[in-house]
Number of protein chains: 2
Amino acid sequence: MANIRLSDVAKLAGVSPKTVSNVVHGYAHVRDTTRARVQQAIDELGYRPDVRGRSLATGRTMMLALAFPDLRIPYFAELAHVIAEAAGERGYRLLLEESGGAREVERAILSADEAGIVDGVLFQPVWLTSTEIAQHRGDIPVVLLGENTAPLTVDHVHIDNIAAAVQVVEHLAALGRRRIAYVCAEHPRPSETSRLRLIGYQQGLEACGLPVDPSLIVSGTVGNADAARDALGAALDAGMAPDALVCRDDLAAMGALRALAERGLRVPEDVAVTGWDDITLATAVRPSLTSIRADGRELARRALDLLLERIDGFDGLGRHEVVGHSLVVRESAPGV
Amino acid sequence: MANIRLSDVAKLAGVSPKTVSNVVHGYAHVRDTTRARVQQAIDELGYRPDVRGRSLATGRTMMLALAFPDLRIPYFAELAHVIAEAAGERGYRLLLEESGGAREVERAILSADEAGIVDGVLFQPVWLTSTEIAQHRGDIPVVLLGENTAPLTVDHVHIDNIAAAVQVVEHLAALGRRRIAYVCAEHPRPSETSRLRLIGYQQGLEACGLPVDPSLIVSGTVGNADAARDALGAALDAGMAPDALVCRDDLAAMGALRALAERGLRVPEDVAVTGWDDITLATAVRPSLTSIRADGRELARRALDLLLERIDGFDGLGRHEVVGHSLVVRESAPGV
DNA sequence: ACCCATTTTTACAGCGCTGTAAGTTCACCG
DNA sequence: CGGTGAACTTACAGCGCTGTAAAAATGGGT
């Protein structure tokens, strides 16, 4: 089946190609009779516009990229879902790019060596520093997501990690917990996200008048429940005796739940546990997870707004926006 | 920064545009001195090929779509990851499309009203019947994924659901379980996937000489652990007393674990539980899940091979391929 | 019937690239 | 030193569509 082109429709309808284009786009100034004739030709031939020609002519692809570490991490999958939905409402498709958490790949994403694929990029870096980000070629609009410090020249949407971490610690302290551990700081160098959460963790302890004890910080691989279980398990076996855990994310929390259960420690009676991200499964595990929940819909909305403004030509300094978060209290660290 | 075009590079290097194109593509018959000169011009100008022009000229976009119900379901996220990886190895990007499990959207995916976005589609339908699929416009190559019966004219890659379900039941029977329930059949009409798994479940029971008891079939929403927990919980409260559960997928299994635990039933001592999909978190919950694992890498490989053959013009009858699966035995339904 | 202001339609050129086929240059042989 | 095939390079046309600006048609007065 040879592909039907705009001009084929035009020929059949006896109008110029541009008029067909106008009909396809619902342009107002087309006589009803003309529109009907063109529409009939479209239907008759089964014409479907080819976006490549269009995008070459308009300079827009109506596609955005969302770049983040790994689709298999529930938080990112859920984020992608929300953003794809919001992008769709604005007429854009979403292309997902996984960096695998590798600095190389993150760099490649910013300096893409092919143009014309997407109109803009939403990018959640893990390792790239703001200096590196600031040096990106700038051929294409970028909005940063997540917790990294962003350069002044680039838009950025995030939650207040420090405040959230403080809130978590205060919640645990209000439950009477005194030996509050932090589970899964990357080793040897924490990602920016972890760094901020650790700062908040420490601030929270200080605010509650609790000592900051480095031996209560468990290092481990991020984004992997089993790794968290092993890391925490080893720490517990080595004698660490926390009465609460601030976990870097829900996956770590799930691993922690296992490690605790395997040692006969009850949650929350013996050890209260909090997660981060409030993934869907947070309600399915037992006990269900108390967790920090970012306002994902708002995050998607703001990020897309900023990006679309850039695509429309806005060229000012970077905007840095904070979206809301909340502590969702569940069984693993219940309310007082 | 005005965009640099191929012709700009050609001008600077003093060659024809086509020669620049040849250099970009690593075409063999370019004199070294020419290549060097062109390369220098490319670097100097920071030229990056525009894929839109290329794809208009070649007729290829080097993008594939993967359409499935919902990114937030871990199995699909993990599937998307594997397929994206395999597609990348073949030089293709992957565009994800979520159907939301809606028949309407599934139909729209097949009869996309815009052309030229992707070169082919991998499609995991939930509700579309093979008749409907067979009637799709055929403008674009499609390979079906997953468990639906596919029309004879369309390629299809799947695992043997019936055999896998039989295997699960036999495993449970070998543990001495006699009252093996099935958790989460969609109500009122099961999806094709559920139907096949139910058939296998029944066959397995018969093969083991166990009675098929309809009251051991729990209906419920699919893809949602909490719904599974509620559905199973209600059934248990109503007096159902299984000693094993075949769960439709790992999410259902996780919900089931909760429902059982809340009622003081021990897994696997009182009730053995199996899942399906072997998602990453299957090892993180407690007890870890015995689950059916499809060979995802092989699935991705085969599906892409078939699709790329279609894109290359293959026009024969549909190929139907079965990829391997295995029963991964863990704590929730241990080996004998 | 004619003029003017709209409304509707069109011609044109070009977005950036590559396949084809037809040059042109080169190295080497007789 | 011409001839020859291989190695290299290019002209051309067109992939399918849309922005622009200008032309054509229409309608409403006078």
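Below, chain A is the first sequence line, B the second, and so on; all start at residue 1.
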If you find the nucleotide of DNA chain D closest to B/Arg35 and the one closest to A/Leu56, which residue's nucleotide is nearer the 5' end?
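With B/Arg35 and A/Leu56 compared, the 5'-side residue is B/Arg35.
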Toward the 5' end of DNA chain D, which comes first, B/Val30 or A/Lys18, by nearest nucleotide?
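Nearest nucleotide further toward 5': that of B/Val30.
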Test log, rule salt bridge (charged side-chain N to carboxylate O under 4.0 Å, His left out), inputs B/Glu298 and B/Arg301:
CA-CA 5 Å; B/Glu298 177 70 5; B/Arg301 221 174 52 71; 3.3 Å; yes
Please compare B/Arg31 and B/Val51 by the position of their nearest nucleotide in DNA chain C and report the one closer to 5'.
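Mapping each residue to its closest nucleotide by heavy atoms, the 5'-most match is B/Val51.
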Let me confirm one number: the CE-CD1 distance from B/Met63 to A/Ile117, rounded to the nearest 0.5 Å.
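Spacing of CE (B/Met63) from CD1 (A/Ile117) equals 7.5 Å.
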Would you grab the first and last nucleotide of DNA chain C (5' to 3') that comes under 4.0 Å of any non-hydrogen atom in chain A?
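Footprint of chain A along DNA chain C, 5' to 3': C/dT8 to C/dG16.
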Electrostatic pair B/Arg319-B/Asp155, nearest N-O below 4.0 angstrom
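Here B/Arg319 pairs with B/Asp155 in a salt bridge, since their nearest N and O are under 4.0 Å apart.
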Could you check whether atom CZ of A/Arg90 has more than 12 heavy atoms from other residues, nucleotides or ligands sitting under 6.0 Å from it?
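Yes, because the 6.0 Å sphere around CZ of A/Arg90 holds more than 12 heavy atoms from other groups.
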Check whether more than 12 heavy atoms from other residues, nucleotides or ligands sit under 6.0 Å from atom CD of A/Glu114, and answer yes or no.
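Check passes, neighbour count above 12.
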Salt bridge (charged side-chain N to carboxylate O under 4.0 Å, His left out), that's the test. Do A/Asp119 and A/Arg310 meet it? Break it down for me.
CA-CA 10 Å; A/Asp119 297 336; A/Arg310 291 273 171 199; over 6 Å; no
Name the nucleic acid region contacted by [X], choosing base, sugar-phosphate or nothing; use a 4.0 angstrom heavy-atom cut-off, strictly under.
X       : answer
A/Thr19 : base
A/Arg52 : nothing
A/Thr34 : sugar-phosphate

Could you tell me how far apart B/Arg37 (CZ) and D/dC8 (P) are, to the nearest whole angstrom?
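Interatomic distance, CZ of B/Arg37 to P of D/dC8: 14 Å.
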Is there a side-chain polar atom (N or O) of B/Ser16 under 4.0 Å from OP1 or OP2 of D/dT9?
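Indeed not, no polar side-chain atom of B/Ser16 lies that close.
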